[in-house]
Amino acid sequence: MAKYLLLKHYRGAPAPVNDVPMDQWSPEEISAHVQYMNDFAARLEKTGEFVDGQALAPEGTWVRYDGEGRPPVTDGPFAETKDLIAGWMVIDVDSYERAVELAGELSAAPGAGGKPIHEWLELRPFYGEPPTITE
């Protein structure tokens, strides 16, 4: 089995087909979207392919170490992850093809008007082992 990260983006990916921002959806449309995600995860739990998943709030702060005895530095002139990543799901599947199949299915979550979003999801494999350094 191989683990993959499915990333849902607020923006920064190609535009989905149903490109209405979630803050413009009705409460019923949001509920239908969340229910689809929950049903998808529950089905993968039954097959043993679901590892974990979470929606992320748009708030967040970049933090980095700034030297001994100095307070951490926050924010900066970066593309803000909080503006890009809406949520994630980790799956553990038998093949890359299965990961692509599931990502395609998750892309069909309903959005505005109850129609599938056809959003782009970023599919990234986890390393099975830490990468080796060659000289």
Side-chain angles (χ1 to χ4, degrees):
M1 301 277 282
K3 289 185 179 150
Y4 288 87
L5 176 65
L6 298 171
L7 285 173
K8 292 177 63 71
H9 292 267
Y10 285 117
R11 57 178 176 264
V17 173
N18 186 355
D19 197 16
V20 178
M22 188 179 265
D23 63 0
Q24 296 175 23
W25 296 2
S26 71
E28 294 79 17
E29 291 166 339
I30 293 171
S31 292
H33 180 81
V34 171
Q35 187 62 53
Y36 183 97
M37 303 292 288
N38 289 339
D39 292 347
F40 182 82
R43 187 168 51 83
L44 295 186
E45 282 178 340
K46 288 179 184 173
T47 64
E49 295 173 307
F50 180 80
V51 176
D52 196 11
Q54 295 290 321
L56 298 174
E59 304 83 34
T61 303
W62 283 92
V63 178
R64 75 173 169 93
Y65 175 74
D66 198 35
E68 190 64 39
R70 300 176 70 176
V73 175
T74 59
D75 276 349
F78 317 111
E80 300 282 358
T81 304
K82 63 188 175 195
D83 294 336
L84 301 177
I85 301 174
W88 53 271
M89 182 178 288
V90 177
I91 57 174
D92 193 359
V93 295
D94 288 328
S95 67
Y96 170 77
E97 290 76 20
R98 176 66 175 154
V100 169
E101 175 186 344
L102 292 174
E105 186 177 334
L106 190 56
S107 167
K115 296 179 181 163
I117 299 172
H118 297 285
E119 69 182 325
W120 290 92
L121 297 172
E122 185 176 353
L123 178 65
R124 300 196 49 193
F126 282 81
Y127 281 119
E129 300 176 7
T132 56
I133 299 174
T134 58
E135 295 182 28

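Just so you know, these numbers come straight off a predicted model, no measurement behind them.
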Should Glu49 and Arg98 count as an ion pair when the cut-off is N to O under 4.0 Å? yes
Are there more than 12 heavy atoms of other residues, nucleotides or ligands under 6.0 Å from atom CZ of Phe126? yes
Between Gly114 and Pro110 the two heavy atoms that sit nearest each other are O-CB, 3.7 Å
Interatomic distance, Trp88 atom CH2 to Leu7 atom CG [nearest 0.5 angstrom]: 10.0 Å
So, for Trp25 and Ile117, which heavy atoms are closest and what is the spacing to 0.1 Å? CH2-CD1, 3.6 Å
Under 30°, 30 to 60°, or over 60°: which ring-plane class applies to Tyr96 and Tyr4, parallel, tilted or perpendicular? tilted
Quick check: do Phe40 and Gln35 have side-chain heavy atoms less than 4.5 Å from each other? no
Has the side chain of Ser107 got a donor or acceptor atom that lies under 3.5 Å from a matching backbone atom of Glu119? yes
Could you go step by step and tell me if Met37 and His33 meet the side chain to side chain contact (heavy atoms under 4.5 Å, CB included) rule? CA-CA 6 Å; Met37 303 292 288; His33 180 81; 4.1 Å; yes
Can Val93 be reached from Leu123 by stepping across I, L, V, M, F, W or Y side chains whose heavy atoms are under 4.5 Å apart? yes
Are Asp52 and Met89 close enough that some pair of their side-chain heavy atoms sits under 4.5 Å apart? no
If I compare all heavy atoms of Ile91 with all of Leu102, which pair ends up nearest, and what's the gap? CD1-CD1, 4.1 Å
Can we say Glu68 and Arg70 salt-bridge, meaning some charged N sits less than 4.0 Å from an Asp/Glu carboxylate O? no
With the side chain counted from C-beta on, respond yes when Leu106 and Leu6 share a heavy-atom pair under 4.5 Å apart, and no when they do not. yes
Can you see which heavy atom on Pro116 is nearest to which on Ala108, and at what distance? CB-O, 3.4 Å
What salt bridge (charged side-chain N to carboxylate O under 4.0 Å, His left out) pairs are there with at least one residue in residues 21-39, not counting sequence neighbours? none
Looking at Arg43, I'd like to know if its CZ atom is crowded, meaning that more than 12 non-hydrogen atoms belonging to other residues, nucleotides or ligands lie closer than 6.0 Å. yes
Using only atom types and a distance under 3.5 Å, with no angle test, would you say the side chain of Asn18 pairs donor to acceptor with the backbone of Ala112? yes
Do the side chains of Phe50 and Asp92 get nearer than 4.5 Å, heavy atoms only? no
Value for CG (Asn38) from CD (Glu45), rounded to nearest 0.5 Å, stands at 9.5 Å
When clusters are formed by joining ILVMFWY residues with side-chain heavy atoms under 4.5 Å apart, either directly or through shared neighbours, do Leu56 and Val34 land in the same one? no
